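Presented below is the structure to which this report refers.
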Amino acid sequence: MRYHAAKTFEEAASIAAKADGVTRFLAGGTDVLVQLRAGLVTPDDLIDLKHIDGVQDITRLDDGGWEIGVAVAGARLGAHEALCADWPGVVEGMELVGSTQVQGRATLTGNLCNGSPAADGVPGLVAAGAVAKIVGPDGMREIPIEEIPAGPGKTTLAKGELIAAVRLPARGAGGGDAYQRFIPRTEMDIAVAGCAINLRVEGDTITEARVAIGAVAPTIRLVPEAAELLVGSTLDAATADALAAAVSAAANPITDKRGTSEFRTEVVGVLARRVAQTAYDRAKGDRS
Amino acid sequence: MVEVNLWSGMRRFVGDDLTVEVEAETIGEMLDALVAAHPALKPVIDQGVSVAVDGEIHQGRHVPIPQGAEVFLMHRLKGG
Amino acid sequence: MAKDEFREFRLVGTRPDRPDGLDKVTGRARYGADISAPGMLWGAVVRSPHAHARIVKIDTSKAEALSGVKAVVTRADFPTGLTGDEWDLQENTMAGDKALYDGHAVAAVAATSKLRAEEAARLIEVEYEVLPHVIDVDDAIKPDAPVIREGAADATVPEGMPPNVVRYFEHGRGDLDAGFAEADLVRENTYRTEATHQGYIEPHACLGQLGEDGKGEMWVCTQGHWFIRKMCADVLGLEKSQLRVTPSEIGGGFGGKTTIFMEPLSLALSRKAGGRPVKIVMSRSEVLRATGPTASASMDVKIGMKKDGTLTAGRAEFRMQGGAFWGAPVDMALDCAFAAYKLPAVMHIGYDVLANRPKAAAYRAPGSPMAACAVESLIDEMCRELGLDPMEVRLKNAVREGDRSSYGPKFKSIGLVETLEATKAHPNFSAPLGPNQGRGIASGFWFNHGGETSVTIALSEDGTVTVSAGTPDIGGSRASIALMTAETLGIPYENVRVNIVETGALGVNEPTHGSRATFATGKAAVEAANAAIKEMCRRAAVEWGIDPEAVEWVDGAAQPAGPNAGKFPPMSIAEIAGNMGSTGGPISGHHEGNLGGVGASFGCHVVDVEVDPETGRTTILRYLVVQDAGRAIHPAYVEGQYQGGAAQGIGWALNEGYVYGEDGRLQNSVFLDYRVPVASDLPMIDTVIVEVPNPGHPFGVRGVGETGITPPLPAIANAIHAATGARLRHLPMNPPSVLAAIKAVKGG
Amino acid sequence: MSKIHVTTTVNGDSVEFLADPRETLLDCLRDHLDLTGTKEGCGTGDCGACSVTLDGTLVCSCLVLGIEAEGREIGTIEGLAQGHELHPLQRKFIEHAALQCGFCTPGFLVAAKALLDKNPNPTETEVRYWLAGNLCRCTGYDKIVRAVMDAAEEMRKEAV
């Protein structure tokens with residue numbers, strides 16, 4: 001295994017593009033090291049991104065949005081009051097990844113690039129309409145987060161491409177987001193089902209909504225038909241039930257050691273109802 | 001004489017009567033006498049048994065059996 | 001019964017700091033993996049990826065060619081001709097003709113670094129012929145199941161039983177038919193529990209060294225180093241006394257560290273590597289795949305009950321698999337099943353069944369939790385059906401001293417009724433409950449064990465004392481042994497140091513198992529202290545020129561027994577010790593034996609749960625453990641045993657369990673998916689120590705370590721039923737199972 | 001695979017070691033620096049026995065490469081006591097019998113200290129969730145949580 005401490009994204013991309021064996025990028029390392037130790041993946045080239053300028057930064061953009069560096073650990077997201085105020089759902093999703101110790105290392109981008117359908121950090125980004133800033137041999141591009149996962153353990157990134165940062169849009173008035181997952185214990189489990197909802201209200205009425213679900217399909221995905229049910233409503237009981245049904249209908253989970261298909265399908269609907277309420281309350285000004 | 005209470009799975013080695021009388025003053029003598037009277041019991045006893053004498057469970061052969069004591073043969077106990 | 005009633009003791013019942021506390025909070029304590037030796041090599045083990053496969057060929061040439069590799073061993077390096085348990089241990093240590101479970105060791109390698117050893121292990125090529133496998137106990141007991149080993153049944157198994165049945169149990173008494181006929185309600189149900197792992201946080205680790213001359217040493221984390229010595233010597237054909245085994249501090253065991261796994265491999269590798277020491281540390285995945293889980297069980301229970309709650313008859317038929325070797329704790333499960341109840345008629349039938357899983361090791365009260373899960377659930381179900389209070393039914397049928405036990409003999413002094421009464425009196429028993437909340441209670445039982453024990457105490461020149469004990473300290477037993485020794489000698493607790501010594505320093509000691517360390521080692525330490533007191537009195541008598549019988553030991557000093565014995569000031573232990581060189585030499589006391597006098601321990605747990613009706617997730621709101629300790633020597637560590645046992649039982653009830661794929665491979669061999677309770681899963685665990693002294697121990701001790709894991713399984717099932725109306729009869733009661741059961745009740 | 005020279009600071013002392021790039025910080029602490037107080041219970045970041053601080057942040061040392069320690073500051077259990085003066089958490093763990101086998105104890109202490117550094121007055125729930133990544137199989141957590149709460153209270157009083 002060759003270890004590279006890249007100084008720029010271009011250098012990292014160049015090393016990756018030229019490598020002919022197994023390549024891994026090291027940000028938080030909480031997935032890479034587990035795979036390395038278990039003998040599942042021993043990279044030929046391991047490219048450490050933490051020595052690149054700005055990768056630890058959380059930056060407010062001119063348009064009011066946010067840029068989150070590739071090596072920002074979950075604990076730092078949670079400690080950033082302004083970001084938490086704008087995007088509590090994004091932050092709470094990332095904070096559910098692993099233990100306090102893991103929060104000291106794990107990153108949003110790593111959570112995304114690991115390609116797990118159950119990644120807790122990702123549904124919130126998808127619901128928020130976040131984009132990934134990608135550096136590759138052909139320069140830089142931006143694509144929506146939901147276009148990155150390609151299936152369990154896979155992404156759409158090409159050889160030599162890597163994510164330099166994640167960008168969140170400006171929160172704007174009347175916005176609220178939330179994420180919840182279901183796990184059998186209270187902590188330390190991989191999500192059995194997850195749901196993030198981001199919405200905007202005018203008065204009591206929802207005017208915009210995005211619904212993302214996790215752990216119930218090969219990738220984390222948007223459920224636009226569920227979001228449409230929310231728009232125009234005041235999240236009355238009938239709408240919440242219809243939302244739950246639509247989300248369950250969009251789920252296409254497997255049965256595995258973590259849960260049955262039937263259970264996941266049902267519970268993701270339950271979560272959608274609960275998450276919508278939290279997002280709605282937050283949008284109306286209750287920041288809890 | 002000691003009256004020994006066997007477990008019912010031993011019926012096929014000793015017949016229907018699950019209480020067997022043997023001449024013995026210790027657990028070891030009792031086990032030896034049992035095997036002498038019913039040789040088919042030997043492999044079962046060799047695998048290890050615990051013996052309750054008046055409610056107290058013993059593993060050792062040296063333990064004396066008082067006159068009139070209540071004696072039960074049990075599967076050997078083991079803990080975690 | 002409150003512990004404060006026993007104030008006649010100076011030290012017993014107090015809570016001093018444990019002697020090993022400082023080492024353990026500073027990181028200095030040395031566990032299995034913490035020792036290295038000059039010239040040390042690292043070992044790694046190659047394990048079968050198949051549940052059942054014939055080993056066609058093992059090619060070690062590439063590994064041997066790797067620089068830094070010093071030894072490779074396979075089964076061909078072990079002696080042949082072993083039989084019985086010794087063959088089983090050898091076969092489990094290293095597969096012979098067949099790999100019998102996913103994770104079964106097939107080869108091992110030693111090299112100059114950990115990474116090099118792991119590389120070499122990956123270079124060993126094993127050719128397998130995959131065979132049909134069987135995992136579930138109810139499948140394994142079928143007549144046409146894949147046969148794991150011909151001729152493995154022992155003498156208890158009648159002709160014509162299915163091929164994987166290796167032991168058969170049948171015992172009972174009374175007229176069962178008449179008992180059921182007399183009942184107003186007879187119910188029979190089937191209950192299933194999944195295999196769980198002891199889950200000690202310290203993975204198995206050892207450092208072994210063995211020369212061509214057959215002399216060897218080992219440093220190892222174990223509950224019993226004499227067991228390790230005997231088993232390693234048996235498996236490798238060594239003379240036992242030539243192997244010196246030193247126990248490290250042990251990072252949890254719960255029964256799982258009472259046997260060998262990779263320890264003989266380190267010795268075999270060392271011998272082949274010219275006697276260089278070899279360290280092997282298991283990964284968590286190896287621990288879960290290849291070391292002792294407990295058995296899985298499928299259990300039919302039938303009970304007869306009168307309208308007033310009187311039990312008339314009970315029948316239990318248990319099937320358990322304990323892996324590819326005999327040893328599922330069916331026998332003990334059966335003995336424990338109805339132990340808390342007076343029953344005029346009872347019958348127990350059991351089958352120990354082979355399956356393609358790792359060899360079961362003991363796990364805290366082996367068999368009792370499964371049995372309780374079945375019996376205590378059914379009792380609760382029947383109480384509900386008859387509209388009876390489950391606590392009153394337990395009290396009505398509770399066994400007392402002199403009652404005949406379900407397993408045969410009459411009970412000596414026991415504290416079940418006192419335990420149930422103390423439970424009723426606790427505020428948790430009557431705390432108000434909200435919506436979706438429910439309360440469950442259940443009893444539990446464990447026999448406890450005395451066993452082979454050898455202890456020496458020795459005086460130092462300053463009158464302080466060392467105790468040499470042979471039972472590794474898992475949960476604070478050095479503190480309790482020091483308390484009992486100091487109490488007996490009449491000296492301060494701090495003046496006693498308890499050392500857990502290596503195999504050469506004492507006669508054979510059984511492991512710390514069967515809840516016996518404080519009971520048996522404590523009892524032997526008291527006897528050893530009494531022997532030393534006798535010698536000290538003799539020395540004083542010689543000094544004073546009086547009859548040794550006229551000297552008594554009071555408050556840490558010899559003194560004349562009454563005015564007729566002579567007038568001498570008391571001679572303190574420090575004075576006697578200071579002069580011992582000139583009064584006859586060293587003073588020590590020794591006691592050894594196969595110790596009896598054990599007292600069984602009953603417990604009762606009360607749990608309040610809240611179940612999320614939409615997701616099936618169970619939250620433990622309150623938890624109470626009440627248990628008879630006989631006498632609590634160090635109450636804080638007694639409480640610790642209660643709380644730890646309850647937590648393990650809660651894990652077993654809710655989320656732990658081995659998950660196998662269709663391919664027979666273990667799917668959850670990491671802590672991420674083998675879900676032991678975490679801190680946020682549990683509330684504070686309330687405890688009440690009931691003290692009904694055991695007359696078989698000088699201070700009245702009953703073993704307390706094991707009973708606590710028994711009641712949680714049924715108590716939580718009973719609580720979930722109370723909260724939801726749904727009865728879970730299969731563990732684990734994880735959210736998918738609970739939600740499905742809730743929906744079934746609702747007819748959805 | 002050639003080793004890499006690493007210079008780092010452990011418990012305030014500057015140290016150097018040679019690490020294979022595949023070795024974790026946990027391996028390096030235990031096998032190269034003889035700091036065996038930090039334990040390996042799982043190797044996958046699920047048990048917390050290997051907890052250390054890295055530039056003040058609580059991490060699992062099994063999820064950090066040894067070579068990542070270059071130029072960083074590491075805190076381990078061996079640095080918790082100041083000479084003979086135990087940290088209040090260490091004293092309270094002994095006093096409350098918050099350990100049985102003691103194997104998870106170093107990880108709990110390092111993690112609990114990181115909590116109290118950040119939040120001197122945690123609720124029971126906060127303590128339980130902060131420590132959810134530290135597995136204990138012996139105690140049922142009761143006495144551990146009590147010890148942490150009691151140490152926090154004592155430290156608050158001392159700070160006044």
Side-chain angles (χ1 to χ4, degrees), chain B residues 2-20 26-31 34-35 37-66 68-80, chain C residues 84 154-156 158 167-173 198 223 253-256 258 294 327 329-332 334-335 347-350 361-366 401-402 405 407-412 446-452 511 513-516 593-598 600 696 703 705-706 709:
Chain B
V2 178
E3 191 180 87
V4 187
N5 294 280
L6 306 181
W7 66 74
S8 55
M10 288 180 159
R11 192 174 274 128
R12 65 198 170 81
F13 305 113
V14 301
D16 273 345
D17 194 355
L18 289 173
T19 53
V20 178
T26 65
I27 286 179
E29 288 173 20
M30 180 272 291
L31 294 173
L34 265 184
V35 169
H38 299 283
L41 284 176
K42 184 171 170 32
V44 179
I45 287 175
D46 284 354
Q47 276 160 19
V49 291
S50 296
V51 178
V53 179
D54 283 337
E56 188 169 326
I57 299 166
H58 298 277
Q59 328 284 332
R61 287 174 56 88
H62 65 283
V63 176
I65 302 179
E70 192 183 73
V71 177
F72 276 82
L73 231 53
M74 297 174 64
H75 306 286
R76 185 171 54 180
L77 299 173
K78 186 180 155 196
Chain C
D154 78 6
T156 58
R167 292 191 301 161
Y168 172 74
F169 303 94
E170 184 194 311
H171 61 100
R173 60 175 162 74
Q198 294 81 351
Q223 291 175 246
F254 315 109
T258 54
T294 186
V330 197
D331 39 0
M332 290 178 286
L334 292 168
D335 286 345
M347 178 51 75
H348 311 85
I349 292 174
Y363 181 20
R364 208 168 200 158
E401 181 169 2
S405 70
Y407 52 87
K410 288 179 181 166
F411 280 112
K412 305 195 86 164
W446 185 248
F447 302 94
N448 296 325
H449 178 59
E452 291 175 84
H513 69 168
S515 301
R516 74 178 215 95
N594 198 333
L595 302 188
V598 291
E706 292 173 277
I709 196 175

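Below, chain A is the first sequence line, B the second, and so on; all start at residue 1. Here the structure is a predicted model, which means the values were calculated and not measured.
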Quiz item: Considering only heavy atoms, which portion of B:Asp46 lies under 4.5 Å from any heavy atom of chain C: side chain, backbone, both, or neither?
Solution: neither
Exercise. Please check if atom NZ in C:Lys412 has more than 12 non-hydrogen atoms from other residues, nucleotides or ligands closer than 6.0 Å.
Key: yes
Quiz prompt | Proximity breakdown for C:Pro329 and chain B, heavy-atom pairs closer than 4.5 Å | solution = neither
Quiz prompt | Approximate separation, where rounding is to 0.5 Å, of C:Phe447 CZ and B:Met74 CE | solution = 5.0 Å
Practice problem: Tell me, out of C:Lys410, C:Glu170, C:Gln198, who's got the most heavy-atom pairs with chain B below 4.5 Å. | Solution: C:Glu170
Quiz item: Does C:Leu334 reach the side chain of B:His75, with side-chain heavy atoms less than 4.5 Å apart?
Solution: no
Quiz item: chain C heavy atoms under 4.5 Å from B:Glu70: which part of the residue, side chain, backbone, both or neither?
Solution: side chain
Quiz prompt | Name of the residue among C:His171, C:His348, C:Arg173 meeting side chain to side chain contact (heavy atoms under 4.5 Å, CB included) with B:Trp7 | solution = C:His171
Practice problem: Please state whether the side chain, the backbone, both or neither of C:Asn448 comes within less than 4.5 Å of a heavy atom of chain B. | Solution: neither
Quiz prompt | Top contributor to chain C contacts, counting heavy-atom pairs under 4.5 Å, from B:Ala40, B:Ser50, B:Ala52, B:Gly55 | solution = B:Gly55
Self-check item: B:Val44 to C:Ala155 - nearest heavy-atom pair and separation
Solution: CG2-CB, 3.9 Å
Quiz prompt | For the student: nearest non-hydrogen atoms of C:Asp331 and B:Arg76, plus distance | solution = OD2-O, 4.0 Å
